[in-house]
2 protein chains.
Amino acid sequence: MATPLHIVEIDKLKTACSTCSLHELCLPAGLTPTELKSVDQLVNRRRTVKRGEHLYRSGAQLQALYAIRTGFMKSCVLHEDGREQVAGFHMMGELMGMDAIGTNQHLCDAVALEDSDVCEIPLSDLESMSREIPSLHQHFNRVMSREIARDYGVMLLLGSMRAEERLAAFLLNLSQRFAARGYSSTEFHLRMTREEIGSYLGLKLETVSRALSHFQAQGLVAVQNKHLRILKIDNLREMVGQHSCRA
Amino acid sequence: MATPLHIVEIDKLKTACSTCSLHELCLPAGLTPTELKSVDQLVNRRRTVKRGEHLYRSGAQLQALYAIRTGFMKSCVLHEDGREQVAGFHMMGELMGMDAIGTNQHLCDAVALEDSDVCEIPLSDLESMSREIPSLHQHFNRVMSREIARDYGVMLLLGSMRAEERLAAFLLNLSQRFAARGYSSTEFHLRMTREEIGSYLGLKLETVSRALSHFQAQGLVAVQNKHLRILKIDNLREMVGQHSCRA
DNA sequence: ACGGCAATTTGACGCAGATCAAAACGGGCG
DNA sequence: CGCCCGTTTTGATCTGCGTCAAATTGCCGT
């Protein structure tokens with residue numbers, strides 16, 4: 001009986017935002033050290049989600065928001081008929097579950113693409129603490145707003161780019177987010193399948209595969225299975241800039 | 001000198017949330033009468049935007065959020081190359097500008113599709129008042145969250161529906177929003193052009209036109225220019241439900 | 001190390017929707 | 001009231017990407 005409690009204690013300790021390397025990127029970004037201490041109380045539980053497992057499911061009651069500490073996840077909206085549309089990929093320091101605040105019900109599934117650790121942030125605690133710490137309140141608004149801004153970008157992509165432009169935009173987005181986390185911006189591991197990329201980009205897996213092959217043939221990237229190296233990042237940027245745009 | 005001031009006074013009066021017929025739908029939804037009185041102070045300016053004019057432009061500094069009082073607007077994301085993607089249509093009681101909170105800069109243009117009246121809500125005032133009125137804070141979070149949820153729906157539409165499914169989903173969405181405002185759910189005026197519908201749905205105007213004609217031929221709707229009557233709403237619902245889904 | 005299954009690649013072909021074109025319509029303004 | 005220009009409709013044709021298929025590769029579990 002004592003042992004599990006002890007484990008929980010250790011978990012709590014490890015979960016503290018104030019000692020977390022992501023605190024500049026995550027929810028507590030921009031807080032003073034004192035405020036950071038308070039926020040530590042917010043995150044009172046950590047959860048591990050193994051590759052392929054769900055963090056939450058569409059329709060489930062909102063229990064908490066989740067900040068990704070390590071790992072990689074996707075969220076996908078489900079059709080009635082079983083088909084799924086990937087609405088986003090999420091990496092460490094990012095917050096998930098914000099779509100559920102409006103209705104108290106998740107409207108997408110959150111699935112781990114590799115073993116992941118997340119911090120649980122009960123919404124009610126976040127709201128009450130926001131009242132005490134205005135800059136937390138403000139920062140949370142910004143995080144939600146940025147999610148809206150991201151979504152607008154995805155709409156732009158889905159609504160008016162052609163296949164290779166979409167893929168280029170996708171790779172550049174990943175590149176930039178890895179860079180922001182101190183990883184290489186030109187060489188990384190794609191944790192999702194071609195099918196998942198395709199779903200996110202509104203394309204079929206074959207089209208994604210062909211586009212990647214074509215990029216490789218042009219010398220823009222070097223792909224080997226899920227390992228990707230960007231060779232000519234400027235050319236990719238150009239592709240996204242200038243649309244010959246069909247829609 | 002006295003006259004313009006007087007006009008402003010009258011405007012202020014008319015702008016009060018507590019006397020606004022939209023307060024159940026808009027930002028102050030769910031507040032007590034006392035709280036509502038406080039929120040009146042938030043909305044200290046009203047603005048008229050004529051058909052075709054911009055409420056704000058992409059890249060502009062965030063001045064305030066805007067609640068639509070009357071009229072109809074679109075927001076569109078711009079490509080570097082001048083093409084535009086309509087990210088949403090907005091009607092009375094809806095809040096615009098939330099995408100700009102994260103960066104303090106608007107990332108889309110807001111254009112009136114008919115002469116519109118909007119209430120200006122300075123973000124800083126909203127934030128400070130949220131601290132005093134928890135339910136306002138909570139409700140604002142919900143409004144932002146619902147925008148995220150809406151965006152996920154649009155992604156689903158753009159990423160995995162075929163042309164006629166998209167149009168059906170669009171019509172049903174309009175129908176539902178008009179109904180929520182006490183207008184007919186089956187008969188309304190399309191304030192946007194076929195091209196704008198197409199841009200929103202990731203289709204070309206000709207495709208939108210053809211799809212509408214096809215719906216009419218099937219007896220699902222009656223269209224005459226911008227006037228639309230939904231005849232078989234259940235059939236439209238079925239269309240959106242069951243995808244033969246290509247992406 | 002090996003077997004089996006999932007993921008990826010590549011090719012051939014088809015089709016939904018884009019593109020091009022032109023006619024019809026409608027609404028705002030002089 | 002009638003003209004003009006922007007919007008819409010409809011037709012014909014083209015094409016990017018989806019679909020189907022099959023071969024290849026790589027990864028996971030035993």
Side-chain angles (χ1 to χ4, degrees), chain A residues 50-53 74 83-86 111-115 157-168 170 189-218 221-228 239 243-247, chain B residues 50-52 74 83 85-86 111 113-115 157-170 189-218 221-228 239 243-247:
Chain A
K50 290 242 177 301
R51 184 177 194 294
E53 283 180 0
K74 68 172 175 182
R83 286 244 141 266
E84 70 175 45
Q85 161 79 23
V86 174
V111 182
L113 295 181
E114 62 181 32
D115 294 1
L157 182 147
L158 291 173
S160 48
M161 291 187 189
R162 17 188 64 253
E164 297 200 349
E165 290 170 346
R166 295 184 198 191
L167 187 64
F170 172 69
H189 200 77
L190 299 168
R191 285 108 212 270
M192 68 295 284
T193 66
R194 303 286 189 265
E195 186 170 23
E196 285 161 337
I197 297 174
S199 172
Y200 180 63
L201 299 178
L203 303 169
K204 301 263 68 171
L205 71 158
E206 294 94 330
T207 306
V208 173
S209 178
R210 273 184 249 271
L212 273 175
S213 301
H214 188 217
F215 284 178
Q216 180 147 35
Q218 290 172 291
V221 304
V223 229
Q224 192 173 45
N225 216 17
K226 305 214 155 168
H227 185 84
L228 186 116
M239 288 198 64
H243 311 272
S244 47
C245 183
R246 37 157 38 195
Chain B
K50 291 241 177 299
R51 184 176 196 293
K74 69 172 175 181
R83 285 245 142 266
Q85 161 80 23
V86 174
V111 182
L113 296 181
E114 62 182 30
D115 294 1
L157 183 146
L158 291 173
S160 49
M161 290 189 190
R162 16 189 64 256
E164 299 202 345
E165 290 168 347
R166 294 184 199 191
L167 186 64
F170 172 69
H189 200 76
L190 300 168
R191 287 109 210 270
M192 67 295 284
T193 66
R194 303 286 189 265
E195 186 170 23
E196 286 161 336
I197 297 174
S199 172
Y200 180 63
L201 299 178
L203 303 169
K204 301 263 67 171
L205 70 158
E206 295 95 328
T207 306
V208 173
S209 176
R210 274 185 247 272
L212 272 175
S213 301
H214 189 216
F215 283 179
Q216 181 148 34
Q218 289 173 294
V221 304
V223 230
Q224 192 174 41
N225 215 18
K226 304 214 156 166
H227 185 83
L228 187 115
M239 287 197 64
H243 312 272
S244 47
C245 180
R246 39 159 36 198

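Below, chains carry the letters A, B, ... as their sequence lines are ordered, and counting in each starts from 1. Computed over heavy atoms, backbone and side chain alike; hydrogens, waters and symmetry mates excluded.
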Using ring pair (Phe, Tyr, Trp, His ring centres under 6.0 Å) as the criterion, list what pairs up with B/Tyr200, not counting sequence neighbours. B/Phe89, B/Phe170
Applying side-chain hydrogen bond (donor to acceptor under 3.5 Å, both in side chains), name anything that partners A/His189, two or more places apart in sequence or on another chain. none
Could I get the full list of side-chain contact (heavy atoms from CB on, under 4.5 Å) partners for A/Asn225, not counting sequence neighbours? none
Round to the nearest Å and state the distance from A/His227 atom NE2 to D/dT25 atom P. 20 Å
Please give, in whole Å, the distance from D/dG16 C1' to B/Leu203 CG? 15 Å
Atom CG of A/Leu167 and atom P of D/dG16 are separated, to the nearest Å, by 17 Å
Which residues satisfy the side-chain hydrogen bond (donor to acceptor under 3.5 Å, both in side chains) test with B/Gln218, sequence neighbours excluded? none
Qualifying residues under side-chain hydrogen bond (donor to acceptor under 3.5 Å, both in side chains), relative to A/Glu164, sequence neighbours excluded: A/His214
Angle between the two end axes of the helix from C/dA1-D/dT30 to C/dG30-D/dC1, five base pairs per end, rounded to 10 degrees? 60°
Hey, does A/Val86 have a side-chain heavy atom less than 4.5 Å from the side chain of A/Met192? no
Between C1' on D/dC27 and CG on A/Leu113, what's the gap in Å once rounded to a whole number? 16 Å
Spacing of A/Arg162 atom CZ relative to C/dT19 atom C1', expressed in whole Å: 11 Å
Comparing nearest nucleotides in DNA chain C, the 5'-proximal residue of the pair B/Arg51, B/Arg166 is B/Arg166
Atom-pair distance (CD on A/Gln224; P on D/dT24), nearest Å: 18 Å
Take atom NE2 of B/His214 and atom C1' of C/dG17, then tell me their distance rounded to the nearest Å. 14 Å
Atom NZ of B/Lys204 and atom P of D/dT15: how far apart are they, to the nearest Å? 16 Å
So, using side-chain hydrogen bond (donor to acceptor under 3.5 Å, both in side chains) as the criterion, who are the partners of A/Arg194 when residues are at least two apart? none
side-chain contact (heavy atoms from CB on, under 4.5 Å) filter on B/Val111, not counting sequence neighbours, yields B/His54, B/Lys74, B/Asp109
Sequence-aligned protein contact record of nucleotides 6-11 of chain C, with B where the base is within under 4.0 Å of a protein heavy atom and S where only the sugar-phosphate is: --SBBB
Taking the side chain as every heavy atom from C-beta outward, state whether A/Thr193 and A/Lys226 have any pair of such atoms under 4.5 Å apart. yes
